[in-house]
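Data first, discussion second: the structure below is written as structure tokens.
In this chain, residues are counted from 1 in sequence order.
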Amino acid sequence: MSFSTDVKQELSKLSNLANKECVKAEMYGYLNSNNVSTENEKIKFKTENDYNINRFSKLLNNLDINKYDIDIIGKNFNITINKKETAALKNLYSDYEIEENENIEKAFVRGTFLGSGSINNPKNKYHMEILLRSMKTVEKEIAILEKYGINFKILNAKKYSIYSKDGEEISKFLAFIGASSSVIKFEEIRVYRDMRNNVNRVVNCETANLAKTVNAAVKQINAIKKLKENGKFNDLPDNLKELANLRLENPEASLVELGQMLKEPIGKSGVNYRLKTLINMSL
């Protein structure tokens with residue numbers, strides 16, 4: 001199963017249907033998701049997740065909406081509420097306002113995610129998105145999330161979509177809607193990804209530094225060989241001759257190591273200065 005399916009499976013099993021107001025808020029979230037439509041005066045919800053369709057039906061039953069049909073078309077599970085029950089459901093929400101209560105606001109947001117939310121596999125990239133039915137719902141959901149310190153953005157005003165590509169924000173969202181097991185799994189993947197990225201950065205940095213060191217050593221050795229070829233080497237001061245011979249004998253040695261090999265050891269900057277002098281004299 002996909003990570004998104006795992007999250008919805010966990011949420012669909014939450015045993016928190018005793019609070020009627022939370023049930024009503026979660027159903028309101030479903031109804032404002034992009035996967036709910038009205039056809040021939042009937043409300044229809046479609047999903048690829050059988051756990052999700054079970055959750056939706058439990059919410060309906062809890063709200064005394066009992067007459068509906070469930071069928072499967074292709075990969076989709078569909079639940080269709082008959083005309084009379086659809087009218088009753090619409091009346092239930094005719095003047096509905098989401099109460100400013102944390103549990104009720106969580107239930108509403110959870111319903112929108114269950115209705116039409118998706119999360120990419122965090123092993124590949126961080127991306128979560130929820131498609132909603134109106135800009136009013138988009139603005140309401142953004143406001144609720146901001147209230148609890150969760151930062152999501154509007155992806156496309158025409159499609160009424162909110163999203164986040166930030167791992168921390170997605171993790172906070174999952175915790176907010178009650179997907180605690182999914183949060184743990186998500187965080188484990190985040191830690192692994194961060195460690196892997198840090199290792200890659202270190203390796204890349206070390207590789208770049210090694211390449212830089214090798215290139216510098218090659219340039220120094222070529223300059224020394226050139227001085228020998230054109231007869232200038234023997235005219236060099238003894239301190240430059242000593243260092244030049246050490247470089248030829250130790251092509252892989254660092255500047256610090258070369259400095260320690262000298263009869264009178266010097267530091268890295270002193271070695272670097274002398275090697276640059278040799279290069280300039282070979283030009």
Side-chain angles (χ1 to χ4, degrees), residues 1-4 6-7 118-129 149-153 155-156 163-175 182-283:
M1 291 190 296
S2 68
F3 186 81
S4 192
D6 288 342
V7 176
S118 63
I119 305 178
N120 279 72
N121 185 341
K123 291 181 180 179
N124 301 324
K125 66 177 180 179
Y126 301 135
H127 184 91
M128 178 177 172
E129 184 177 348
I150 304 169
N151 182 31
F152 269 58
K153 300 176 181 178
L155 178 62
N156 190 321
Y163 79 103
S164 177
K165 293 184 178 181
D166 186 290
E168 184 175 353
E169 300 304 320
I170 294 172
S171 183
K172 288 192 292 184
F173 181 96
L174 293 175
S182 296
V183 171
I184 294 171
K185 183 177 179 181
F186 188 86
E187 285 301 314
E188 286 176 349
I189 294 171
R190 279 188 72 200
V191 169
Y192 173 78
R193 279 189 62 178
D194 289 345
M195 288 180 63
R196 184 183 64 188
N197 290 338
N198 286 336
V199 169
N200 287 340
R201 278 194 291 270
V202 170
V203 170
N204 290 338
C205 182
E206 290 179 348
T207 300
N209 288 336
L210 178 60
K212 185 177 179 180
T213 300
V214 170
N215 290 336
V218 169
K219 187 175 181 180
Q220 295 154 9
I221 289 170
N222 287 338
I224 295 166
K225 287 181 177 178
K226 189 174 180 180
L227 288 171
K228 284 179 175 287
E229 289 171 1
N230 60 26
K232 294 182 180 180
F233 187 82
N234 292 330
D235 296 330
L236 294 175
D238 289 342
N239 63 348
L240 292 183
K241 284 183 183 179
E242 181 188 10
L243 181 59
N245 286 325
L246 283 172
R247 171 47 90 199
L248 291 175
E249 294 166 3
N250 302 277
E252 297 179 359
S254 67
L255 299 186
V256 173
E257 290 169 337
L258 286 174
Q260 294 299 313
M261 293 177 190
L262 294 169
K263 292 178 182 179
E264 295 183 9
I266 59 175
K268 179 180 178 180
S269 60
V271 173
N272 187 49
Y273 176 78
R274 292 184 187 182
L275 289 171
K276 283 186 176 180
T277 299
L278 287 168
I279 290 171
N280 290 333
M281 292 179 71
S282 70
L283 299 177

Within a strict 4.5 Å, meaning less than it, do heavy atoms of the [X] and [Y] side chains meet?
X: Asn280; Y: Leu283; result: yes
X: Phe186; Y: Arg190; result: yes
X: Phe152; Y: Met128; result: yes
X: Ile119; Y: Val7; result: yes

Output all residues satisfying side-chain hydrogen bond (donor to acceptor under 3.5 Å, both in side chains) with [X], sequence neighbours left out; order by chain, then residue number.
X: Glu242; answer: none
X: Ser171; answer: Glu187
X: Asp6; answer: Lys185
X: Ser182; answer: Glu10

Looking only at non-hydrogen atoms, find the nearest pair between [X] and [Y] and report the distance.
X: Leu240; Y: Met281; result: CD1-SD, 4.2 Å
X: Ala217; Y: Pro251; result: CB-O, 3.6 Å
X: Glu257; Y: Ala253; result: OE1-CA, 3.2 Å
X: Ile170; Y: His127; result: CD1-N, 3.8 Å
X: Leu174; Y: Phe3; result: CD1-CE2, 4.3 Å
X: Val271; Y: Gly259; result: CG2-CA, 3.4 Å

Gap separating the [atom1] atom of [X] from the [atom2] atom of [Y], nearest 0.5 angstrom:
X: Tyr273; Y: Ile266; atom1: OH; atom2: CD1; result: 11.0 Å
X: Leu227; Y: Ile279; atom1: CG; atom2: CD1; result: 10.0 Å
X: Asn250; Y: Asn245; atom1: CG; atom2: CG; result: 10.5 Å
X: Leu243; Y: Leu262; atom1: CG; atom2: CG; result: 5.5 Å

What residue pairs, at least two apart or across chains, pass salt bridge (Lys or Arg N to Asp or Glu O under 4.0 Å) with a residue in residues 267-283? none

By salt bridge (Lys or Arg N to Asp or Glu O under 4.0 Å), Glu129 pairs with (sequence neighbours left out) none

Kindly state each residue pair satisfying side-chain hydrogen bond (donor to acceptor under 3.5 Å, both in side chains) with at least one member in residues 219-232, sequence neighbours excluded. Gln220-Arg247

Which one of Leu236, Leu246, Ile224 satisfies the side chain to side chain contact (heavy atoms under 4.5 Å, CB included) criterion with Lys241? Leu236

With sequence neighbours left out, the residues meeting ring pair (Phe, Tyr, Trp, His ring centres under 6.0 Å) with Phe233 are none

Partners of Glu264 by side chain to side chain contact (heavy atoms under 4.5 Å, CB included), sequence neighbours excluded? none

I'd like to know if the side chain of Lys172 reaches the main chain of Gly149, judged simply by a donor and an acceptor atom lying under 3.5 Å from each other, with no hydrogens or angles considered. yes

